[in-house]
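Read the structure below first, then the notes.
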Amino acid sequence: MEAVSDTDVQFWMAKAMNWGEDTSCSALLDTSRHLGSLRSFLQQVLQGLQQMRSTSEAMKTFPFVGQFLGRLRWNPCVIVDERSQRLLLRCLSCLYSAEPLNAVELKANMWIKVVSLMTEEVIKSCDGSSNTARCLNGNIHTMATACVALVTCPQMSPLIGALLKHSMLCGSSCLNQEFIKEINEALISKRLVLEDEAIVNLWCYSPTCLEGAAVSLLESVLSDHETMTQSLDKHVNDSLLPRASAHHCHIFLTVNEIYRNVLTEIDENLAVRALIQVFTACFLQRLTGQKPQDRLPLRAFFPNVTSCLLAPLLTAPSEVPREAWLDHLSWIRSLLQSVTENEEAGGDVRAYQAVFEAWFLLVQCGYWVDTAAELLVLAVPENADSLLWLLTFFHHPTNRGHQRSQQTAVAREAWTHLRMLFLTRPPPPRHLSAVKELLSSSLSANLVLHLFLNFTVFSHGPVSIITEITDKVLTEAAVKRKALWILASIRCRLNSAATQDDRVHSRLRTLHDTLLQT
């Protein structure tokens with residue numbers, strides 16, 4: 001930080017004293033000519049004040065600051081200049097004291113008290129009649145404009161929250177866009193802390209801010225796979241988006257559309273699929289936690305999907321007895337297969353759209369695909385067909401060139417090799433080589449990896465042998481990154497299960513650490 005020199009202090013104190021509250025043409029002209037350099041000086045003062053640990057330390061280090069800011073506070077030319085006003089008020093906010101000891105601290109605190117009174121006024125308007133609220137809209141706009149300079153001041157958070165609540169309840173657009181932009185940027189950069197309700201109100205008021213939050217979550221997931229794959233469900237819940245989506249249908253539809261569009265561009269990206277699956281699961285947990293009379297029907301949140309698919313797919317595995325999983329998955333398979341039959345029969349655009357919507361719902365409810373992959377670890381051959389079909393459709397929804405039957409055949413081949421590899425002691429080298437070849441050369445590499453990882457997690461072999469197989473099969477860095485995301489999806493499903501299997505969770509941690517270390 002550039003130091004505040006004694007020469008500068010003397011110059012600007014003299015200017016402030018000369019200007020006073022003078023509104024003559026010569027005084028205003030002189031003030032206007034110096035506004036740019038005044039802002040630079042105020043910026044230096046602000047940076048200095050921000051480094052102080054207390055108001056007393058600030059007053060000792062900058063003994064001129066009280067009189068200087070006090071004089072500028074009433075200068076009409078300084079106050080009407082938005083950037084100068086912003087710097088001036090931020091300097092004043094740095095002088096706030098919980099227990100004021102002098103006149104300057106009292107004066108700074110008086111300004112803060114004005115903020116509290118404004119907050120109370122806005123809160124009362126939210127609880128009052130609609131006529132009162134409408135009458136206050138002009139004042140709300142004025143308050144919001146005044147807040148633009150101060151959104152990062154902690155004392156402003158209650159007022160900002162009250163303004164957002166008022167605008168949402170009244171359905172008015174009385175907040176200016178600069179105010180909204182400053183709040184959003186301060187939130188993203190973590191320079192502003194608001195209560196959850198205020199953040200949700202911001203998203204309800206501004207679709208741009210909501211979109212930014214959804215994209216920010218996506219970017220954080222894509223940029224830090226090591227952290228995110230360990231605690232994806234916690235990170236998603238902390239974003240507040242699932243909770244807000246459960247209470248406001250339009251928020252869910254907006255976030256869903258953003259992730260849906262990303263998925264159509266990069267449908268093979270397992271990180272995006274994991275995020276969509278976990279976001280949907282967290283949202284459904286929040287939705288089912290609401291009172292039935294407050295809850296919107298599922299159809300409102302999934303308007304484009306064939307109705308018969310909603311109940312079976314949106315019911316979590318934890319809500320279905322384990323012994324009924326196979327029948328439930330067979331039911332899901334038959335419903336999805338009936339949707340794909342129209343496409344295979346050479347249907348029109350609507351048939352293709354119906355298949356896409358069904359597939360996207362399956363991605364959202366990927367916990368059922370993970371459940372199918374888990375059951376395949378110990379499944380007998382006669383029960384494998386429905387489960388393999390689901391896994392194939394999840395990874396290869398289109399049937400261009402009638403590839404679905406080919407992909408299903410690859411899935412069955414991989415499953416056969418994996419059963420021999422994990423259920424035979426010692427693991428036969430021939431089957432290990434076959435799995436490695438399918439992972440490296442097959443168009444179904446993600447499908448094979450999905451199956452492989454479920455065998456590593458749920459088979460009953462010693463963990464030392466499982467780790468050894470994993471080290472031999474997963475040798476490429478890109479494949480290991482994909483594996484971490486599949487493990488993240490499995491972990492999130494197990495975290496929401498009615499009972500916890502310590503052995504499985506321990507193995508998940510071991511596999512995760514093994515993939516990161518190697």
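As the structure is a prediction and not an experimental result, all values here were calculated from the model.
- Taking 4.5 Å as the limit, every side-chain heavy atom of L418 sits out of range of all side-chain heavy atoms of V377.
- Taking the six-membered ring where tryptophan is involved, the planes of W389 and F393 are essentially parallel, since the angle between them stays under 30° and well short of 60°.
- Looking only at side-chain heavy atoms (C-beta outward), V200 and H247 stay at 4.5 Å or farther from each other.
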Side chain to side chain contact (heavy atoms under 4.5 Å, CB included) between T254 and W203, worked out: CA-CA 10 Å; T254 299; W203 292 342; over 6 Å; no

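- In this structure, Y367 contributes its side chain and L494 its backbone to no donor-acceptor pair below 3.5 Å.
- Counting non-hydrogen atoms of other residues, nucleotides and ligands closer than 6.0 Å to CD of E195 gives a total of 12 or fewer.
- Put simply, the side chain of W325 gets close to the backbone of V320: a donor and an acceptor are under 3.5 Å apart.
- Residues I251 and C204 have side chains in contact (heavy-atom distance under 4.5 Å, counting atoms from C-beta outward).
- For the pair R481 and W485, the NZ or CZ position fails the cation-pi test of under 6.0 Å to the six-membered ring centre and within 45 degrees of the ring normal.
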V410/T392 under side chain to side chain contact (heavy atoms under 4.5 Å, CB included): CA gap, chis, key distance, verdict: CA-CA 9 Å; V410 172; T392 303; over 6 Å; no

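- Expressed to the nearest 0.5 Å, how far CD1 of I258 lies from CD1 of I276 amounts to 11.5 Å.
- No donor-acceptor distance shorter than 3.5 angstrom exists from the side chain of R333 to the backbone of L390, with no hydrogens or angles considered.
- Closest heavy-atom contact between P381 and R419: CG-NH1, 4.2 Å.
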Derivation and outcome, salt bridge (charged side-chain N to carboxylate O under 4.0 Å, His left out), residues K482 and E476: CA-CA 10 Å; K482 289 182 177 182; E476 297 180 9; over 6 Å; no

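- The distance between the ring centers of F422 and F452 falls below 6.0 angstrom.
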Trace of the side chain to side chain donor-acceptor pair (under 3.5 Å) decision for S444 with H395: CA-CA 8 Å; S444 299; H395 287 284; over 6 Å; no

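- A donor-acceptor pair under 3.5 Å is absent between the side-chain atoms of T306 and the main chain of C308, judged by distance alone.
- Under the 4.0 Å criterion applied to side-chain N and carboxylate O atoms, R412 and D385 are assigned as salt-bridge partners.
- Looking only at side-chain heavy atoms (C-beta outward), R507 and S459 come within less than 4.5 Å of each other.
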Criterion side chain to side chain contact (heavy atoms under 4.5 Å, CB included) on I199 and L164, from CA distance to verdict: CA-CA 8 Å; I199 295 174; L164 291 168; over 6 Å; no

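- In this structure, R273 forms a cation-pi arrangement with F394, its terminal cationic atom sitting closer than 6.0 Å to the ring centre and no more than 45° off the ring axis.
- Between E468 and K472, at least one side-chain N (NZ, or NE/NH1/NH2) sits under 4.0 Å from a carboxylate O, which counts as a salt bridge.
- The main-chain N or O of L453 is found under 3.5 Å from a side-chain atom of T456 such that the two form a donor-acceptor pair.
- Between Q277 and C492 the shortest side-chain heavy-atom distance does not fall below 4.5 Å.
- Distance check, rounded to the nearest 0.5 Å: NE2 of H250 to CD of E257 gives 14.5 Å.
- The main-chain N or O of A246 is found under 3.5 Å from a side-chain atom of Q290 such that the two form a donor-acceptor pair.
- What you find for G161 and A198 is that their closest heavy atoms are CA-CB, 3.8 Å.
- A distance-only check finds a donor-acceptor pair linking the side chain of S206 to the backbone of C209 [under 3.5 Å].
- Centroid-to-centroid, the aromatic rings of W368 and H328 come within less than 6.0 Å.
- Nearest heavy atoms, S157 versus L192: OG-CD1, 3.6 Å.
- The CG atom of L284 sits 12.5 Å away from the CZ atom of R286 when rounded to the nearest 0.5 Å.
- Atoms NZ and OG1, on K181 and T208 in that order, are 11.5 Å from each other to the nearest 0.5 Å.
- Residues C365 and L314 meet the side-chain proximity criterion, which asks for heavy atoms closer than 4.5 Å.
- When only modelled atom types and interatomic distance are considered, E357 and Q353 share a side-chain donor-acceptor pair under 3.5 Å.
- Without hydrogens or angle criteria, T340 side chain to Q337 main chain gives a donor-acceptor distance under 3.5 Å.
- Taken from CG in N383 to CG in D327, the straight-line distance is 9.0 Å, to the nearest 0.5 Å.
- Annotation: F302 is not in aromatic contact with F360 [ring centroid separation under 6.0 Å not met].
- A donor atom on one side chain and an acceptor atom on the other are not found under 3.5 Å apart for N261 and T264.
- We find that D238 and K234 are joined by a salt bridge, their nearest charged nitrogen and carboxylate oxygen being less than 4.0 Å apart.
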From CA spacing to verdict: side chain to side chain contact (heavy atoms under 4.5 Å, CB included), E374, V457: CA-CA 9 Å; E374 177 187 344; V457 173; over 6 Å; no

Worked verdict on N237 versus Q285 for side chain to side chain donor-acceptor pair (under 3.5 Å): CA-CA 10 Å; N237 272 320; Q285 287 173 359; 4.9 Å; no

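- Contact of the L375 side chain with the F458 side chain is not registered, since no non-hydrogen atoms from C-beta on lie closer than 4.5 Å.
- Between R191 and E185 there is no salt bridge, since no side-chain nitrogen of the basic residue lies less than 4.0 Å from a carboxylate oxygen of the acidic one.
- A donor-acceptor contact shorter than 3.5 Å links the side chain of S239 to the backbone of V236.
- At a threshold of 4.5 Å between non-hydrogen side-chain atoms, the residues L287 and F301 count as touching.
- Between H450 and D370, the side chains place a donor N or O and an acceptor N or O closer than 3.5 Å (distance only, hydrogens not considered).
- Taking both residues in full, the closest heavy atoms of L376 and F455 are given as O-CZ, 3.8 Å, listed atom of the first, atom of the second, then distance.
- Closest of all the heavy-atom pairs between W331 and P312 is CZ3-CB, 3.6 Å.
- Checking side-chain atoms of R491 against main-chain N and O of R509 turns up no donor-acceptor pair under 3.5 Å.
- Atoms CG and CG, on L335 and L313 in that order, are 8.0 Å from each other to the nearest 0.5 Å.
- Shown here for V278 and D233, the closest heavy-atom pair between the two residues is CG1-CA, 3.6 Å.
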